[in-house]
Amino acid sequence: MKIRAENLAFQYKHGRPVFSDISFEAASPDIVCILGPNGTGKSTLLKCLVNQHNPTKGQVYYDDKPVHSYSARQLAARIAYIPQSHAPAFPFSVLDVVTMGRTAHFRYLGAPGKKDRMIALENLHFLGIDRLADKQYTEISGGERQLVMIAAALTQEPQILLLDEPTSHLDFGNQFRFLQIVKTLKHKGIGIIMTSHFPDHALEVADYTAVMNHGGLVHFGKPNAVVTESNMEKLYDIPVKMIEVSGNGRKSCIAGD
Ligand SMILES: Nc1ncnc2c1ncn2[C@@H]1O[C@H](COP(=O)(O)OP(=O)(O)OP(=O)(O)O)[C@@H](O)[C@H]1O
């Protein structure tokens, strides 16, 4: 599936324009990592991409059809979105929460079947959190919740997965494991658009890095071309060094002189 943003602009009611003139294109299984300082509009852009916000100008297309021409159910059968915060409302079990990810695939009566539960269990296993299945969603940690939401999004069987800071609550090990999962999803054909505060995440997994600064998109391209010392110094207003890891061409971005 292809996603295309064309000249997007957005402004909150009574607010200043967040961004304008954002255009880019990607197709599953591309991985796009969006970087940018706090408040530059990364979450707002994702919300425009999934039709939660109406752009003030411009249009989002999936497979060349405007996003608003899809019904909510049609869209949910194709794309999954995990927002930055997802406070638990009801004490459902983790398995129930993950199974609900299949809602767009339920039959007319709207109840999950055996197959839906099986897919949910498979995804809990894929994310290494089978042990949480019977726990209450309201009684697990922030990082566990983040992994559960990813499992729920995967049970949706999306063609494109949009993730807003998916690693924000994950420990060092789970961040790395998550990036390996992202690569596995790519091999399964799923496209991913994720935001991150870590340039290394873009270097590790992305096919394209999008860089937002106040007002809009300032770079879109291959991570090695975009995540450079001078671009990152300008972006975050700090000294930055790029180092090569273990002589195999892998790079890492370090803050400081
Ligand atoms: N509901 C809202 N109403 C008004 N202004 C908002 C709203 N949500 C966000 N903003 C403003 O829009 C701008 C972009 O916010 P957004 O959350 O998209 O940035 P972000 O790049 O995702 O930030 P962060 O990295 O801190 O998560 C900010 O100036 C923010 O204050």
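Quantities reported herein were computed from a predicted structural model and do not represent experimental measurements. Start at 1 and go down the list; that is how both ligands and their atoms are numbered.
Listed by atom number, the atoms of ligand 1 under 4.0 Å from K42 heavy atoms are 18 (O), 19 (O), 20 (P), 21 (O), 22 (O), 23 (O), 24 (P), 25 (O). Of all atoms in ligand 1, listed by their number and element, those nearer than 4.0 Å to a heavy atom of E165 are 25 (O), 27 (O). Atoms of ligand 1 found under 4.0 Å from any heavy atom of H197, numbered from 1 in the order shown, are 25 (O). Using a 4.0 Å cut-off to heavy atoms of T44, the atoms of ligand 1 that qualify are 14 (C), 15 (O), 16 (P), 18 (O).
When distances from atom 16 (P) of ligand 1 to the protein are checked, a heavy atom turns up under 4.0 Å. The nearest protein heavy atom to atom 30 (C) of ligand 1 is not closer than 4.0 Å.
Under the 4.0 Å criterion applied to side-chain N and carboxylate O atoms, R4 and D64 are assigned as salt-bridge partners. Contact check on E229 versus K251 returns no salt bridge, with no Lys/Arg side-chain nitrogen under 4.0 Å from an Asp/Glu carboxylate oxygen. The pair D30-K2 does not count as a salt bridge, with every side-chain nitrogen at least 4.0 angstrom from each carboxylate oxygen. Residues R102 and E157 are paired through a salt bridge, judged by an N-O separation under 4.0 Å between the basic side chain and the carboxylate. Note on K183 versus E204: salt bridge recorded, some NZ/NE/NH1/NH2 to OD/OE distance being below 4.0 Å.
The N/O atoms of G39, backbone and side chain alike, include one that comes under 3.5 Å of an N/O atom in ligand 1. Polar contact check, G41 against ligand 1: a nitrogen or oxygen pair lies under 3.5 Å apart.
Contacts between K13 and ligand 1, counted as non-hydrogen atom pairs separated by less than 4.0 Å, are absent for every part of the residue. Residue contacts with ligand 1, taken as heavy atom pairs separated by less than 4.0 Å, involve V18 solely via side-chain atoms from C-beta onward. Contacts between Q84 and ligand 1 below 4.0 angstrom, taking non-hydrogen atoms only, involve the side chain exclusively.
Y12 and T44 are linked by a side-chain donor-acceptor pair at a separation below 3.5 angstrom, with hydrogens and angles left out of the test. For the residue pair S252 / D200, a side-chain donor-acceptor distance below 3.5 Å is found, with atom types taken as modelled. Neither side chain, D116 nor T99, offers a donor N or O lying under 3.5 Å from an acceptor on the other.
Of the protein's heavy atoms, Y12 CE1, 3.3 Å lies nearest to atom 10 (N) of ligand 1.
Ring-plane geometry between F24 and F220 is classed as parallel, the angle between the planes falling under 30 degrees on a 0 to 90 degree scale with a further cut at 60.
Assignment of G15 to the shell around ligand 1 is not supported, since no heavy atom sits closer than 4.0 Å. By the 4.0 Å heavy-atom criterion, M212 is excluded from the residues contacting ligand 1. No heavy atom of R16 sits closer than 4.0 Å to any atom of ligand 1. Residue contacts with ligand 1: K47 is excluded, as none of its non-hydrogen atoms falls under 4.0 Å.
Note on L95 and M149: same hydrophobic cluster, where clusters join Ile, Leu, Val, Met, Phe, Trp and Tyr whose side-chain heavy atoms are under 4.5 Å apart, directly or indirectly.
If you check each of I34, N38, N213 against atom 24 (P) of ligand 1, the one with the closest non-hydrogen atom is N38.
Sparse packing is recorded around CZ of F176, with 12 or fewer heavy atoms of other residues, nucleotides or ligands lying under 6.0 Å away.
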